[in-house]
Engineer: 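I have a structure here, written as structure tokens, and I will follow up with some questions on it.
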Amino acid sequence: SFIYINLFIQGMPSFLYENSKKNKFDWRKYESILRFYLYKKIYPYADTLITSTPSLKEKLHNLCHIPKSKMVVLPNGIIGDKVIENYDNYNYYCSDKINASSFDIYYVGRLTKQKNVELLIKEFLNSDYKDSYKAKLHIIGIGDFHSYFIRKYGNEESIKFYGFLNDPWQIVPSSSIVIVPSLWDEPGHVPLEALSFGHRVFISSGCSLIDFISEVKN
């Protein structure tokens with residue numbers, strides 16, 4: 001009776017997203033099943049569950065039947081006024097003072113299924129944006145799909161792969177657009193870092209950072 005269990009849920013569980021379902025032979029599917037069982041059967045016994053965003057709290061309540069009274073939302077520590085101010089500064093993001101021809105697209109992060117990078121690559125290659133603005137897609141990071149992407153897209157003149165960089169923001173110009181196409185992310189550390197540096201950022205609806213951004217800007 002003198003022991004209290006407070007659990008902090010780090011990251012968005014994959015089973016909470018329909019678009020995260022994997023091939024039946026993929027081990028990640030069974031990992032998701034196990035996680036779902038643990039969340040639903042064990043976590044309700046905790047005294048308090050801590051989540052980073054309101055949407056995760058809502059999803060855990062609806063799918064795992066965890067009482068809302070047991071859950072507390074504590075936003076990620078680096079979600080500060082500067083991040084939200086940069087995003088809400090609509091005039092800054094729509095400024096015509098920057099030459100549109102220099103709007104290159106940057107992806108920063110792991111090259112995994114969750115990050116949905118191949119969809120970004122395909123959409124970029126098939127878009128008019130690439131030709132109209134003479135833009136390039138810069139991909140910074142490594143992961144499960146790194147070798148595959150190099151083999152399949154390494155010869156594309158409009159795509160550049162950098163691999164892992166200790167400080168990727170040193171090479172990302174202020175005129176760039178940082179895109180986060182993740183299937184799911186909680187809350188999304190890359191867009192938080194990008195916004196803190198003042199970059200223009202596009203995020204997918206799977207990134208729960210949208211909980212902290214005005215609906216009119218979504």
Side-chain angles (χ1 to χ4, degrees), residues 1-87 107-117 141-145 164 166 168 178 180-197 201 203-215 218:
S1 59
F2 298 101
I3 297 176
Y4 292 88
I5 300 176
N6 300 320
L7 298 177
F8 172 65
I9 299 175
Q10 176 64 36
M12 181 70 78
S14 60
F15 64 77
L16 294 179
Y17 282 96
E18 285 296 320
N19 57 8
S20 71
K21 290 182 178 179
K22 308 296 189 300
N23 182 286
K24 64 180 180 179
F25 297 110
D26 194 324
W27 64 269
R28 293 177 182 85
K29 175 182 178 181
Y30 300 101
E31 179 191 30
S32 289
I33 293 173
L34 177 60
R35 285 191 180 196
F36 179 74
Y37 177 83
L38 292 174
Y39 274 63
K40 190 173 182 179
K41 298 297 183 182
I42 298 178
Y43 277 26
Y45 288 101
D47 294 285
T48 304
L49 284 174
I50 303 170
T51 70
S52 295
T53 59
S55 61
L56 178 54
K57 176 181 177 179
E58 194 68 25
K59 289 177 186 295
L60 290 173
H61 171 70
N62 292 335
L63 291 180
C64 299
H65 309 297
I66 299 174
K68 288 185 178 181
S69 59
K70 284 194 172 187
M71 291 187 281
V72 176
V73 177
L74 293 179
N76 188 292
I78 59 175
I79 299 179
D81 293 338
K82 183 178 180 182
V83 170
I84 304 304
E85 179 184 350
N86 283 345
Y87 193 91
Y107 168 82
V108 180
R110 294 180 294 118
L111 305 182
T112 63
K113 183 72 174 179
Q114 172 192 352
K115 302 301 182 180
N116 206 23
V117 181
I142 56 175
D144 301 343
F145 287 82
F164 173 79
N166 282 321
V178 178
V180 181
S182 302
L183 295 174
W184 70 94
D185 250 328
E186 167 75 6
H189 292 95
V190 168
L192 282 170
E193 289 186 5
L195 286 169
S196 69
F197 286 113
V201 182
I203 63 176
S204 68
S205 59
C207 182
S208 59
L209 179 61
I210 61 175
D211 285 8
F212 302 98
I213 297 172
S214 172
E215 290 184 7
N218 280 351

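The model shown is predicted, which means the values in this text are computed figures rather than measured ones. Count residues from 1 along the sequence.
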Engineer: Starting at OG1 of T51, measure out to NE2 of H61 and round the result to the nearest 0.5 Å.
Structural biologist: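 It comes to 13.0 Å.
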Engineer: Roughly how far, to the nearest 0.5 Å, is CD1 of I42 from CG of L7?
Structural biologist: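 Output value for this atom pair is 10.0 Å.
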Engineer: Distance from I66 atom CD1 to I9 atom CD1, nearest 0.5 Å?
Structural biologist: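 Going from the CD1 atom of I66 to the CD1 atom of I9 covers 6.0 Å.
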Engineer: Heavy-atom distance under 4.5 Å between the side chains of L49 and K57, does that happen here?
Structural biologist: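 Not in contact.
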Engineer: Compare all side-chain heavy atoms of F8 with those of S52 and state whether any distance is below 4.5 angstrom.
Structural biologist: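 Of all side-chain heavy-atom pairs linking S52 with F8, at least one is under 4.5 Å.
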Engineer: Flag the pair N116 / S182 as yes when at least one side-chain heavy-atom distance between them is below 4.5 Å, and no otherwise.
Structural biologist: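 Heavy-atom side-chain distance check fails, nothing below 4.5 Å.
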Engineer: So, do L192 and L209 sit near enough that their side-chain heavy atoms are less than 4.5 Å apart?
Structural biologist: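 Touching, per the 4.5 Å side-chain cut-off.
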Engineer: May I ask you to test the T53-E186 pair for a side-chain heavy-atom distance under 4.5 Å?
Structural biologist: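 Yes, their side chains come closer than 4.5 Å.
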Engineer: Considering all heavy atoms of both residues, which atom of S55 and which atom of S208 are nearest to each other, and what is their separation?
Structural biologist: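 Closest pair (atom of S55, atom of S208, distance): OG-CB, 3.5 Å.
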Engineer: Looking only at heavy atoms, what is the nearest atom pair of V190 and V108, with distance?
Structural biologist: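 Minimum heavy-atom contact is CG2-O, 3.3 Å.
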Engineer: What heavy-atom pair brings C64 and Y39 nearest, and what distance separates the two atoms?
Structural biologist: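 Closest pair (atom of C64, atom of Y39, distance): SG-CB, 3.9 Å.
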Engineer: Minimum heavy-atom separation for R110 and V117, please, with both atom names.
Structural biologist: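 Taking R110 first and V117 second, the nearest heavy atoms are O-CG2, 4.2 Å.
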Engineer: Measure the spacing between NZ of K70 and OG1 of T48 and express it to the nearest 0.5 Å.
Structural biologist: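 The NZ atom of K70 sits 8.5 Å away from the OG1 atom of T48.
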Engineer: Between N6 and V72, is there a side-chain heavy-atom distance shorter than 4.5 Å?
Structural biologist: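 When only atoms from C-beta onward are counted, N6 and V72 do not touch, as no gap falls below 4.5 Å.
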Engineer: What is the minimum heavy-atom distance between D185 and Q114, and which atoms define it?
Structural biologist: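 The answer is OD1-NE2, 3.4 Å.
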Engineer: How close do L111 and G141 get, counting heavy atoms only, and between which atoms?
Structural biologist: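 Of all heavy-atom pairs spanning L111 and G141, the closest is CD1-O, 3.5 Å.
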Engineer: Are any of the side-chain heavy atoms of K115 and Y107 separated by less than 4.5 Å?
Structural biologist: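 Result yes, sub-4.5 Å side-chain heavy-atom pair found.
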